[in-house]
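The model shown is predicted, which means the values in this text are computed figures rather than measured ones.
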Amino acid sequence: ATRAPPPPAFVGRLLLKDLIPTILDMSKQTVKVIRTEAVSMMLDILPHCRVKSVNIVMLEKMKSHKNRSVREDCARYLRCVLDTWPWDPTGSHDNISNQNVDIVNSRKEERLSLDSTRQIGLGLGRTLSDSAKPVRDEAKKGIEALFRRFRPVWDEVLNSGVIRDVRLRK
């Protein structure tokens, strides 16, 4: 039997963009198995299906969603983005990363730019003041990822004033 060729990569990216609100709704599930599987699925998908517009949705939900689990999972997914997506060294004159993820055949629109990295960093910085400790803990892990890979952006986030807790600036 003849196998059909796989769909082009953009189909998966468009699908993820359409599904992200539903996937984030799964974070609200009180059944721990469903939420755990949804988180595991997203952490498997995000390194391979890099869609910058999804980051904007996650930043917005992390900032304003009333459900603590949704905010926590958004912070977790954004940390995954910081840890696994390649950065675009041609996006600015600054060398914003001290290490690049070795990913073959990465298109420019699938890489982290200085601006998108800054947006994620500022969002995580604001989330360090969240009312729920698990959300703050996840945001702190994201800030640590920023520190490891994007030190200049980390410096910028710390000096921007979004982190209100003086103890976290040290």
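Of the charged side-chain nitrogens involved, at least one lies within less than 4.0 Å of a carboxylate oxygen, so that Arg76 and Glu72 count as a salt-bridged pair. Here Arg149 does not pair with Asp83 in a salt bridge; the nearest charged N to carboxylate O distance is not below 4.0 Å. Between Glu138 and Arg68 there is no salt bridge, since no side-chain N of the basic residue sits under 4.0 Å from a carboxylate O of the acidic one. Under a 4.0 Å N-O distance rule, the pair Arg118/Asp115 qualifies as a salt bridge. Looking at Arg151 and Asp155, no side-chain N of the basic residue comes within less than 4.0 Å of a carboxylate O on the acidic one, giving no salt bridge.
To the nearest 0.5 angstrom, Leu122 atom CG is 11.0 Å from Lys63 atom NZ. Separating the SG atom in Cys49 from the CG atom in Asp44 is a distance of 12.5 Å, to the nearest 0.5 Å. Taking CD from Gln29 and CG from Asn67, the interatomic distance works out to 10.0 Å, rounded to the nearest 0.5 Å. Put simply, NZ on Lys52 and CD on Gln119 are 10.0 Å apart, with the number rounded to the nearest 0.5 Å. The distance from atom CG of Leu59 to atom OH of Tyr77, rounded to the nearest 0.5 Å, is 14.5 Å.
Under the 4.5 Å side-chain heavy-atom criterion for ILVMFWY residues, no single connected hydrophobic cluster contains both Ile56 and Leu146.
Here the rule is side-chain contact (heavy atoms from CB on, under 4.5 Å) with Asp73, and of Met42, Arg35, Lys28 only Arg35 fits it.
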